[in-house]
Asker: 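Quick one: the structure is below, and I'll ask about it shortly.
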Amino acid sequence: MSQPQFNESEQRELAQFLEAENAKARIQQTVHSLADTCWDKCIFKVNNKMERSEEACLSSCVDRFLDTSLFIVKRLEELRSSGI
């Protein structure tokens, strides 16, 4: 059985599609990791309703994670644009 042959345009399109799908998968993995980390840090017992302290902890945990991620992305962009 022979493999299908793609022209250059189709190869670029396929590569872009795969890159986008990989980016989506990385984002989803990051979100799952964030949820696990913040859950382990903030939730001590499972009830029908979260306590205010747990809600505040989760909110703060997510905010710090997002702040850190944004800082890292900006720093990497600075390094890349400066040629380091």
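Start at 1 with the first residue, then count along the sequence. In this text the structure is predicted, and so the values were computed from the model without any measurement.
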Asker: Return the minimal non-hydrogen interatomic distance between Glu10 and Gln5, and the atom names on each side.
Answerer: OE1-O, 4.3 Å

Asker: Is it the case that more than 12 heavy atoms not belonging to Glu55 sit under 6.0 Å from its CD atom?
Answerer: yes

Asker: Does a side-chain N-to-carboxylate-O contact under 4.0 Å join Glu77 and Arg80?
Answerer: no

Asker: Count the heavy atoms belonging to other residues, nucleotides or ligands that lie under 6.0 Å from CD of Glu21, then report whether that count exceeds 12.
Answerer: yes

Asker: May I ask whether Met50 and Val46 are part of the same hydrophobic cluster, defined by side-chain heavy atoms of I, L, V, M, F, W, Y residues being less than 4.5 angstrom apart, directly or through others?
Answerer: yes

Asker: About how many Å separate CG of Asp67 and CD1 of Ile72, when rounded to the nearest 0.5 Å?
Answerer: 11.0 Å

Asker: Do the cysteine sulfurs of Cys42 and Cys61 sit under 2.5 angstrom from one another?
Answerer: no

Asker: Do the side chains of Glu8 and Arg12 get close enough for a salt bridge, i.e. N-O under 4.0 angstrom?
Answerer: yes

Asker: Just by modelled atom types, is the Phe65 backbone N or O under 3.5 Å from a matching donor or acceptor in the Ser69 side chain?
Answerer: yes

Asker: Scan Arg26, Glu19, Lys24 and name whichever one has a side-chain contact (heavy atoms from CB on, under 4.5 Å) with Asn22.
Answerer: Arg26

Asker: Sub-3.5 Å donor-acceptor pair from the side chain of Glu54 to the main-chain atoms of Ile43, do we have one?
Answerer: no

Asker: As an exercise, state the distance from CG of Asn7 to CD of Glu13, rounded to the nearest 0.5 Å.
Answerer: 9.5 Å

Asker: For Leu58 versus Trp39, what's the shortest heavy-atom pair and its separation?
Answerer: CD2-N, 4.2 Å

Asker: Taking atom CG of Leu66 and atom OG1 of Thr30, what is their separation to the nearest 0.5 Å?
Answerer: 10.5 Å

